[in-house]
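Just so it is clear, the values below take in all heavy atoms, side chains as well, and ignore hydrogens, waters and symmetry mates. Residues take their numbers from the sequence shown, with the count starting at 1.
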Amino acid sequence: MMASDTNTPIAQTALVAEGGGQRGIFTAGILDSWLEQNFNPFSLLIGTSAGAQNLSSYVTQQAGFAHRSITEFSSDPKFFSLSRPLKGQSTVDLDWYFDQVNSKSKSKVNIQLDTNKGLQELNRRQLLISTTNSSNYQASFYKPNKDNWLTLLKASSALPMLYREGVKIDDDYQVDGGLSAPLPVEEAYKRGAKKIVVLRTLPREYAAHTPWINRLKSWVCTSNHCPKAIDFFVHHEYAYRDALRFIESPPSDLEIIQIFPNRSLKSKLIGSKKIALQSDYLLGKQAGAAFIKRHANTLTQTPSASITAPRRILRYC
């Protein structure tokens, strides 16, 4: 089966995209290479933070959209400034960022997320955007619609300390989805996926540093008080560790394929140089093309309920 035939959703096949701030440029490269080859066999897509933004442009079929958003908007001084907290403002201006994402360009290049096209796609596949409840730290998975799509993306990207108290959805404030669902692979499995492709933004050798964050907590917390941000990050480390444990020892009927960068990305969470972003984007495009060449045929084979799928954890570059 050629890549040009793989734009039809395959049952029980899911795509999970990790966050990582500007490191998401690697994911943008993977997905743009897939869009160029009309490759999207996934019936379920779950994204966290930058991963949710990347999956949104993938579903709306806007190749280059996430690349431009990261290289231009998230690199603009209007988006990130260490001096703004001195003025009582957020370090990261997500309001400005998503105003740019949703603006109508005066040039020939469209920079507006095409939610209408995305909603058409979501008639035949499902997209979930993860957030974290700031009160109880529980992960939530929302289905975007025309009215809430950008709001959900903003909430999923609202890292504590950097952006206010979060984004209010219904009666609760929601913050960065990566704090409680950094790698929502188990969530995809719970929703029926038997083949899951995971797009990573950290190299395979990364491990959650829970002991370090616990030492930090012991230094800055008292018996009566602990900064909430520290609690968030401790929670994140445990959630990341649990996700890695599930991936490394999945159920016998689940196949997991991971796409890693073959080195630590040159891009950082924020404040990356454009030359680093472009290098990591091209690395992602290479990884995406290699994945299609090696696994497009096997991935698009419909899982059989009578056959136990092999467990595979593979690395691509």
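The salt bridge (charged side-chain N to carboxylate O under 4.0 Å, His left out) analysis of residues 33-46, with sequence neighbours excluded, yields the pairs Glu36-Lys285. For residues 143-157, the set of pairs meeting the salt bridge (charged side-chain N to carboxylate O under 4.0 Å, His left out) definition, not counting sequence neighbours, comprises Asp95-Lys154. Residue pairs meeting the salt bridge (charged side-chain N to carboxylate O under 4.0 Å, His left out) criterion with at least one partner in residues 24-33, sequence neighbours excluded, do not occur; the list is empty.
By the salt bridge (charged side-chain N to carboxylate O under 4.0 Å, His left out) test, Asp280 is found to be paired with Arg263, residues two or more places apart in sequence or in another chain being considered. Here Tyr173 pairs with Ser134, Glu165, Lys168 under the side chain to side chain contact (heavy atoms under 4.5 Å, CB included) rule; sequence neighbours left out. Listed by chain and number, the residues in a ring-ring contact (aromatic ring centres under 6.0 Å, His included) with Tyr142 amount to none (sequence neighbours excluded). Ala155 meets the side chain to side chain contact (heavy atoms under 4.5 Å, CB included) test with Thr131, Val167, Ile169, Gln174; sequence neighbours excluded. With sequence neighbours excluded, the residues that form a salt bridge (charged side-chain N to carboxylate O under 4.0 Å, His left out) with Arg200 are Glu18. Glu121 is linked by a salt bridge (charged side-chain N to carboxylate O under 4.0 Å, His left out) to Arg124, Arg125, counting only residues two or more places apart in sequence or in another chain. Applying the ring-ring contact (aromatic ring centres under 6.0 Å, His included) rule to Phe42 yields the partners Trp34; only residues at least two apart in sequence or on another chain are considered. For the side chain to side chain contact (heavy atoms under 4.5 Å, CB included) test, residues two or more places apart in sequence or in another chain that qualify with Asn136 are Asn133, Gln138.
Within the hydrophobic cluster formed by Ile, Leu, Val, Met, Phe, Trp and Tyr side chains joined at under 4.5 Å, directly or through other members, Leu277 is accompanied by Ile25, Ile70, Tyr281, Leu282.
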